[in-house]
Amino acid sequence: VYRRIVLQVACGDFEDEGIRGQALQTLTDLAIMHREKYSQDSDLSNLLLRMQESGEPESMLIAAESAAKLLHAGILDEPKLFANLLKFFFLTETVPSTTTSPSLTADPTASGELDEEAIEQEYQRRVFLANCSRMQQVLSIFFHVFTTTDVVADRVVSESIPELVNDMT
């Protein structure tokens with residue numbers, strides 16, 4: 001019952017990026033708890049792909065982490081999800097960063113004036129960079145564990161190569 005509501009919130013462009021991310025995290029947790037109901041769920045796969053390719057940094061990172069969890073758990077086996085994870089890991093420019101101007105890279109309090117907007121933007125930039133670093137760490141472990149698990153992982157990895165090549169050409 002709640003699955004459809006949470007899925008609608010996660011898919012809805014009318015919601016804030018943070019709310020959609022929380023809805024996706026909820027769906028991921030539900031899928032792990034109720035594997036039989038979410039096994040090879042095309043709606044969930046499509047949502048993950050859409051968020052991974054959205055161009056919204058926070059959504060892309062949450063979708064990448066969710067995809068890694070669901071692939072590792074064997075709930076999903078979509079090669080495109082794995083290909084996107086490879087891109088996020090090896091081609092870090094595929095995850096857009098927040099824009100930085102010279103004024104934001106310097107100490108915002110150096111001039112003696114506290115520009116609250118500049119401080120908030122600098123804080124958000126640093127949080128994003130920390131999340132990117134965390135994602136790199138998570139994926140470095142995920143790839144090793146996932147590729148040594150079972151035959152399904154071998155199939156997902158081999159089928160992700162053409163997806164990856166198509167995206168790079």
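This structure is a prediction, so every number in the text was calculated from the model and none was measured.
Within a 6.0 Å radius of CD in Gln8, other residues, nucleotides and ligands contribute 12 heavy atoms or fewer.
Under a 3.5 Å cut-off, the side chain of Glu15 and the backbone N or O of Ala10 do not form any donor-acceptor pair. Between the side chain of Ser59 and the main chain of Gly55, no donor-acceptor pair closer than 3.5 Å is present. Using a distance-only test at 3.5 Å, with no hydrogens or angles considered, no donor-acceptor pair links the side chain of Glu58 to the main chain of Glu17. Looking only at distances, a side-chain donor or acceptor of Ser160 sits under 3.5 Å from a matching main-chain atom of Val157. No donor-acceptor pair closer than 3.5 Å links the side chain of Ser66 to the backbone N or O of Ala63. Side-chain atoms of Ser39 never come within 3.5 Å of backbone atoms of Glu36 as a donor-acceptor pair (strictly under, hydrogens ignored).
Inter-residue side-chain proximity for Leu30 and Gln25 is flagged as unmet; no heavy-atom pair is nearer than 4.5 Å. Two residues are said to be in side-chain contact when any heavy atoms from C-beta on lie closer than 4.5 Å; Ile32 and Leu70 meet this criterion. Between Leu129 and Arg126 there is no side-chain heavy-atom pair separated by less than 4.5 Å. A 4.5 Å side-chain heavy-atom check between Leu44 and Leu24 finds at least one atom pair inside the cut-off. Two residues are said to be in side-chain contact when any heavy atoms from C-beta on lie closer than 4.5 Å; Glu65 and Ile62 fail this criterion. Side chains of Phe143 and Leu85 form a contact here, defined as non-hydrogen atoms less than 4.5 Å apart. Side-chain contact between Tyr38 and Arg3: present, with at least one pair of heavy atoms (C-beta onward) separated by less than 4.5 Å.
Phe82 has its ring centre less than 6.0 Å from the ring centre of Phe146.
Across Cys11 and Leu47, no two heavy atoms sit closer than the pair SG-CD1, 3.7 Å. Shortest non-hydrogen contact noted between Gln40 and Gly74 is NE2-O, 3.8 Å. Between Ala23 and Val6, the shortest heavy-atom distance links the atoms O-CG1, 3.4 Å.
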For this session: Dump the intermediate steps for side chain to side chain contact (heavy atoms under 4.5 Å, CB included) on Leu48 and Leu76, then the final yes or no.
Result: CA-CA 11 Å; Leu48 286 167; Leu76 298 178; 3.6 Å; yes
For this session: Quick one: do Asp41 and Arg35 satisfy salt bridge (charged side-chain N to carboxylate O under 4.0 Å, His left out)? Show the steps, please.
Result: CA-CA 10 Å; Asp41 186 316; Arg35 301 171 77 92; over 6 Å; no
Exercise. Is there a salt bridge (charged side-chain N to carboxylate O under 4.0 Å, His left out) between Lys80 and Glu53 once you walk through the steps?
Worked result: CA-CA 11 Å; Lys80 180 77 171 157; Glu53 298 167 356; 3.6 Å; yes
For this session: May I have the step-by-step check of side chain to side chain contact (heavy atoms under 4.5 Å, CB included) for Phe142 and Lys69, ending in yes or no?
Result: CA-CA 9 Å; Phe142 164 75; Lys69 288 178 181 179; over 6 Å; no
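Salt bridge present: Arg20 and Glu56 bring a charged side-chain N and a carboxylate O closer than 4.0 Å. Taking a cutoff of 4.0 Å between a charged side-chain nitrogen and a carboxylate oxygen, Asp43 and Arg50 do not qualify as a salt bridge.
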